[in-house]
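Scope of the values below: all heavy atoms of this structure, side chains included, with no hydrogens, waters or symmetry mates. Numbers here are sequence positions counted from 1.
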Amino acid sequence: MSRILIVEDEAIIRSALRRLLERHDYRVEEAGSVDEALALDPQRFDLVISDLRLPGAPGTELIPRAAPVPVLIMTSYASMRSAVDALKQGAVDYVAKPFDHDELLETVARVLHLQASRRAEPPDITEPGGQAQPMIGNCPAMQLVYSRIRKTAPADVTVLIQGESGTGKELVARALHQQSRRAQAPLICVNCAAIPETLIESELFGHEKGAFTGASAARTGLVEAADGGTLFLDEIGELPLDAQARLLRVLQEGEIRKIGSVETRHVDVRLIAATHRDLRALSKTGEFRLDLYYRLNVMQIDLPPLREREDDVLLIADTLLEKACRRHDREGLRLSRAARREIHDYPWPGNVRELENALERGVILAEGHLIHPDDLGLSPPSAAAPAARPPAPAQEEPAKPATAEGGEDDLSLEDYFQHFVLEHQDQMSETELAQKLGISRKSLWERRQRLGIPRKKSPRRKSE
């Protein structure tokens with residue numbers, strides 16, 4: 001059933017229009033001004049019908065604020081000028097008051113049908129296993145993402161994907177590649193945070209034999225490996241400044257030079273970058289090159305966090321649960337009603353990655369044919385909040401566990417991790433910290449993000 005928002009300051013007209021639409025099985029809400037309409041969030045509706053002349057702002061103010069929801073303008077001033085002005089500003093159509101009921105209903109039905117036919121379909125992605133499937137989600141925010149992918153993919157421009165960790169930035173990159181003219185060429189994916197700073201330039205741009213200690217043979221870099229295709233740099237905000245300068249030359253000149261080589265080589269690469277950080281803010285502190293930021297941000301796609309995706313979370317949960325059941329040979333497991341409610345209401349600070357882990361636990365721990373809330377192992381919302389809080393000052397937080405009455409044996413694993421990192425990061429590199437904790441460097445970085453522990457920046461060597 002389609003939802004329609006009526007914005008009209010005359011109560012008699014508003015009520016009559018509502019009764020007319022409800023008799024034809026539309027769900028209707030009302031507002032008397034643009035401000036009242038915005039308070040109801042016009043993007044939750046399928047159509048907005050607004051008078052042109054309203055107290056305060058005119059009805060055309062809703063056109064950009066409601067997008068991509070269409071706005072049908074009503075006007076008592078049925079001149080060609082007012083109609084053309086409304087259409088120029090993006091109105092889907094207009095009707096003149098007093099309007100004929102049959103004509104209005106026909107216009108509403110036509111606009112809703114056109115909107116449904118134009119609604120962006122989720123783009124297909126190919127998973128690492130080789131299976132193709134569409135991206136999941138139908139909320140308005142994801143419809144905007146799908147529309148941006150569809151328009152941007154064939155344009156062969158640099159794209160910057162912004163979103164929290166675990167929101168699916170790599171899936172967007174795969175969709176962009178698969179809908180581009182480079183679809184038959186390679187897609188090379190690189191997590192900049194997972195490669196040690198001392199090796200990342202060699203990994204990206206390659207090196208010649210003997211270029212540095214341990215370089216026993218020449219190596220082709222990942223940028224060159226992506227020649228003719230697409231290079232996806234995830235968490236580009238973690239890229240060292242020296243590597244940023246080299247990457248800028250690739251974008252500006254289309255050239256790379258291996259470490260230890262005096263020759264340059266031309267490459268034809270489309271770059272897609274992703275980050276959960278504010279690159280513009282990082283450029284003000286000197287951690288990210290402003291000129292590189294402008295080169296990257298030709299087209300930006302913003303991914304919404306899972307907590308803002310309405311009922312999409314249950315669609316995603318059902319898909320992930322089916323995959324987890326196949327992996328663990330437990331076909332037929334279902335989420336209980338209480339588990340579905342908990343999944344829907346949980347804030348998911350770790351987004352889709354956290355949801356996938358919870359369902360994996362549920363499949364492993366469930367004893368019957370239903371997965372219950374206890375099987376998911378979710379923390380109460382109040383306990384999940386620290387992930388979003390700013391980190392406590394380094395000189396205060398680690399001191400508490402170390403001097404607690406029970407000593408370090410009473411620490412939780414996350415408390416111990418935070419205490420250990422804050423205490424030793426001044427003396428150890430990221431690689432040494434990861435080795436001492438018995439985890440990978442990528443896992444160390446991911447836990448830093450989840451717990452809000454700032455990474456100690458190593459001093460940059462001066463460029464010669």
More than 12 heavy atoms of other groups within 6.0 Å of Arg334 CZ: no

Ile188 and Val269: side-chain contact (heavy atoms from CB on, under 4.5 Å), yes or no, with the steps? CA-CA 10 Å; Ile188 305 295; Val269 173; over 6 Å; no

Can you list, pair by pair, the side-chain donor-acceptor contacts under 3.5 Å of residues 157-168, counting residues two or more places apart and other chains?
{"unit_1": "Gln162", "atom_1": "NE2", "unit_2": "Arg277", "atom_2": "O", "d": "3.3"}
{"unit_1": "Glu164", "atom_1": "OE1", "unit_2": "Arg307", "atom_2": "NH1", "d": "3.3"}
{"unit_1": "Glu164", "atom_1": "OE1", "unit_2": "Asn351", "atom_2": "ND2", "d": "3.1"}
{"unit_1": "Glu164", "atom_1": "OE2", "unit_2": "Arg307", "atom_2": "NH2", "d": "2.5"}
{"unit_1": "Thr167", "atom_1": "OG1", "unit_2": "Glu164", "atom_2": "O", "d": "2.7"}

Verify salt bridge (charged side-chain N to carboxylate O under 4.0 Å, His left out) between Glu356 and Lys323, making sure each step is shown before the conclusion. CA-CA 10 Å; Glu356 185 173 20; Lys323 293 179 181 178; over 6 Å; no

Locate the shortest heavy-atom distance separating Trp348 from Ile343; write the atom from each residue and the value. NE1-O, 2.9 Å

If you compare all heavy atoms of Leu222 against all heavy atoms of Leu231, which two are closest, and at what distance to 0.1 Å? O-CD1, 4.2 Å

Does CD belonging to Glu367 count more than 12 external heavy atoms closer than 6.0 Å? no

Residues Leu5, Val69; criterion side-chain contact (heavy atoms from CB on, under 4.5 Å); working and verdict: CA-CA 10 Å; Leu5 174 62; Val69 176; over 6 Å; no

When Arg174, Gln179, Arg150 are each screened for side chain to side chain contact (heavy atoms under 4.5 Å, CB included) with Pro123, the one that passes is Gln179

A quick test of your reading: do over 12 heavy atoms of other residues, nucleotides or ligands sit less than 6.0 Å from CZ of Arg337? no

Donor-acceptor pair between Arg18 and Tyr26 side chains, under 3.5 angstrom: no

Just so I know, are the side chains of Ile200 and Glu238 near enough to count as touching, which here means a heavy-atom distance under 4.5 Å? no

Just do the salt bridge (charged side-chain N to carboxylate O under 4.0 Å, His left out) check on Asp46 and Arg27 with the steps written out, would you? CA-CA 10 Å; Asp46 299 298; Arg27 293 173 58 189; over 6 Å; no

Sorted by first residue and then second, give each salt bridge (charged side-chain N to carboxylate O under 4.0 Å, His left out) pair with at least one member in residues 288-300; sequence neighbours left out. Arg289-Asp291

Counting neighbours of CD on Glu253 that are heavy atoms of other residues, nucleotides or ligands and sit closer than 6.0 Å, is the number greater than 12? yes

What is the minimum heavy-atom distance between Ala86 and Ile63, and which atoms define it? O-CD1, 4.0 Å

